[in-house]
Amino acid sequence: MVFSSLSFLCLFLPLTLGLYYICPRRGRNTVLLLASLVFYAWGEPKYVVLMLLSIVVNYVFGLLLGRSRSKLWLILSIVFNLGMLGIFKYADLLIRTTNALMRCELKLLELALPIGISFYTFQAMSYTIDVYRGKVSVQRNLLDFGAYIAMFPQLIAGPIVRYSDIEERLKDRSVTAEDFASGLMRFSVGLAKKVFLANQLGKLWAMASGLSHPSALMSWMGAGAFMFQIYFDFSGYSDMAIGLGELFGFRFPENFRYPYTAVSITDFWRRWHISLSTWFREYLYIPLGGNKKGLPKQVLNLLIVWGLTGLWHGAEWNFLLWGLYYFVLLVLEKLFLLRRLEKIPAVFGRIYTLIAVLFGWVLFACAPGTLVGYVSAMFGKNGAVSSLDVYYLLKYAIMSIVAVIGCTDLPRRISEKITPFWPKAIGSTVLIIISMMLLIGDSYNPFLYFRF
Amino acid sequence: MKYKIYSLICLLLFTVPSILAFLLPDRSFSDNENRLLARKPVLNAETILEGTFQTQTEDWISDQFPQRDFWMSGSSILKKLSGSKDIGGAYIGKDGYYLEMHTPEEFDDVRYRRNLGYIHRITKEFDLPASALLIPCAASVLTEALPFGAVSYDAEKAYTIAGEELKDVILPDLTEALQEHTDVQRYYRTDHHWTVFGAKIGYDLWKKGTGEYRGDPYLFCSDFYGSTWSKTLDPSAKPDEIYLFPVSDHLTVTADGKSIDLYDLSASERKDKYTVFLGGNHGIVTINGGCENGKKLLVFKDSFANCLAPLLSADYETVIMIDLRYYPGSVHKLIEVVSPDELLFIYEMSNISTGTEFVKFLR
């Protein structure tokens, strides 16, 4: 199930909230677990088994690691989690590649990718690794642990909540009326970002990338539209997740901090999908030695981290390429570019970052076979403009202006200036009504994270 | 307190619609969208495991949302406010026109040629005099009504291609003729079809002014909101008028074996008032007795031809109209049995570039 659907808004959410608050405190994690399993089962009922397996196995590894912090249990737990990812996410990519390279015909597994698997296996690993490190205590209640792994607000599109982030609140939490209202506000903002901005601008990208010979102008417009779409979609989901978390008494970490206002790629990755970068830093980059073992080792570490970051986003070679693209940029910045950028006005850094990120998204969004065609269209292979362009430029002009403003911290600064509650409450209600109108009246509502 | 009131309002917004949808009886049909609406889902182990319960639930809540038309109009207003000049596949044009969007990219040249090829083959096989009325869509003719920068498929080019594919078929250039007659309303403002006035232009061009039909159209209704408007549900639209050609009382009309009237006057009670012409689309319609010259015309057509029936029956004693989308039989057998004097093909051009029924000409 996705948040931006009427069955979530009008059926699942009210029912879950009702059951949750009727239930006495000690049963609430169980309500949350059961609701999350229903939420997960909505799209692919059979994979609930996988989710339950992941819960039980990681729970047991937690107990074992609690008894003796032996490296064996840690390694086995990592092998189990990565093994699940490997089989369900990467096996077919490997088989296809082997077949292509070795000219053989191994059979593909053709398993549908379990939704959110990359998110919840990473969450599970944060638990077992941190138990091993002694950072968190062992969770002895299977239902509470299940509620953490399956927790529906962040199940399918993040943020990746580390166990240490919510350990305390899993045990004991309370929600004031103010928390609840603030959660709803945050949710309404995320919903509108997804339904109003991401979905509408996504149509321009869908159109431009579907043309057989897009002009240069159209392909830039399309790439820009995708850049908006993925930001408002993804950060909208995170806003909704954080807001939903508040409704149930959790505080999830922030996942986006105005990434398109970054002054360098290094800065961009401190602002984009923060919970993923944090995870890779905590559980991969630093254990590999980080920047403590000399420059060559650091570059190698970055290569590993960014190759894997790329592949985390999808089992396809263009995602690896996308990760390596950022590896190159980040290494260049570390070597000299960052120092140069600091000496010139920040606006140049921003422009460079936006253009680099834009080409990054083209790499990300184009299937391997279409990439060259699209990029060459951006450089004018099919001519500068076509008869279609003016119409679409005008059609999306207002939306794009709203989107540009939405990428900055201006809306937040304005809302902080408004101290009385009611203007904000009315604004939030209007956002909900607008989103519901578009959900009913508009069929275009894609889910972008089916590859994650 | 204020936090509670606000939270309550939000939760009511989420809950009230689903409670109402659950309690109220399901609506079965949406006139505006011209489709059946999803009904309450079936809950059992099988539907859950297959996932059909889940998708049906989403369809049900969306289709049976209380005051659905209000929410849909709201969505249209939002899109208009956000600068969009097209909604749901229809341009919001000038002077109250809603024009179906057919961009040049969507116009599939390959399929267009292939489908024309099927038509050509059948005319060659039976060696009958044949004509084709290939009608451009409204947006290709009424370019001045299009929003700024909007484009439609190139009807002149489509006509040229048809000339290459349909050798020895009489092929009047409807686009040019329709573009020239700026003095009459050639297409409905709210519907994708041409009006009787537009159809008359096509008929006169095809018959080179020698057609037998005489008669001036009269007003049938003036509250028609057609299919292109339905895509937008724009609340600010004005309705269309439908005019009809006067017809003689001697006509006998049958559709798929049943006797019908040439004009289904009960259409004035329906949403889709264009169905006044022949009562909508049928597989086979036979019209007899418009004149007494013994001539037989076999027409293969889409819905654009429906309003032409009275005119054709003035020139041919028997007019048989086939809509291949609804006609299950063999075309070859039909032509052998009917043995018509002439063949006529009436299609809107983009329908030829997208239609899948043309392959039936081989059967």
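Below, all heavy atoms of this structure are taken into account, side chains as well, without hydrogens, waters or symmetry copies. So you know, we letter chains A, B, ... as the sequences are listed, proteins then strands, and number each from 1.
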Between chain B and each of [options], count heavy-atom pairs under 4.5 Å; write down the option with the most.
options	answer
A:Leu211, A:Asp179, A:Leu13	A:Leu211
A:Lys46, A:Met1, A:Glu178	A:Glu178
A:Leu439, A:Val390, A:Ile434	A:Ile434

Is there a side-chain contact between [X] and [Y], using heavy atoms and a 4.5 Å cut-off?
X	Y	result
A:Phe421	B:Ile5	no
B:Gln54	A:Ser7	no
B:Phe14	A:Phe8	no
B:Tyr6	A:Lys424	no

Part of B:Thr103 lying under 4.5 Å from any heavy atom of chain A
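For B:Thr103, the side chain is the part near chain A, not the backbone.
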Heavy-atom distances under 4.5 Å only: say whether B:Leu13 touches chain A with side chain, backbone, both or neither.
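Both parts, backbone and side chain.
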Interface moiety of [X] toward chain B, non-hydrogen atoms closer than 4.5 Å:
X	value
A:Ile432	side chain
A:Tyr392	side chain
A:Ala425	both
A:Ile401	neither
A:Thr176	neither

Using a cut-off of under 4.5 Å on heavy-atom pairs, state which of [options] scores highest against chain A.
options	value
B:Val16, B:Leu11, B:Thr57, B:Thr15	B:Thr57
B:Glu58, B:Met72, B:Arg68, B:Lys85	B:Glu58
B:Leu233, B:Leu81, B:Asp86	B:Asp86

Any chance [atom1] of [X] has more than 12 other-residue heavy atoms, nucleotides or ligands included, within less than 6.0 Å?
X	atom1	value
B:Lys40	NZ	yes
B:Glu50	CD	yes
B:Phe29	CZ	yes
B:Lys94	NZ	yes
B:Phe22	CZ	no
B:Glu46	CD	no

Please report the shortest heavy-atom distance between [X] and [Y], naming the atom on each side.
X	Y	result
A:Phe180	B:Ser7	CD2-OG, 3.5 Å
A:Gly441	B:Lys79	O-NZ, 4.0 Å
A:Met437	B:Ser75	O-CB, 3.4 Å
A:Leu184	B:Cys10	CD1-CB, 3.8 Å

Mind checking the CG-OG spacing from A:Leu438 to B:Ser76? Nearest 0.5 Å is all I need.
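With rounding to 0.5 Å, CG (A:Leu438) is 9.5 Å from OG (B:Ser76).
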In Å, rounded to the nearest 0.5 Å, how long is the span from OG1 of A:Thr429 to CG of B:Leu12?
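Rounded to the nearest 0.5 Å, the OG1-CG separation comes to 11.0 Å.
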Is the side chain of B:Ser82 donor-acceptor paired with the backbone N or O of A:Met399 at a distance under 3.5 Å, no angle test?
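Judged by distance alone, no pair lies under 3.5 Å.
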Pairs satisfying ring-ring contact (aromatic ring centres under 6.0 Å, His included), at least one member in residues 61-92 of chain B, at least two apart
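Residue pairs passing ring-ring contact (aromatic ring centres under 6.0 Å, His included), neighbours aside: A:Tyr391-B:Tyr91, B:Phe65-B:Trp71.
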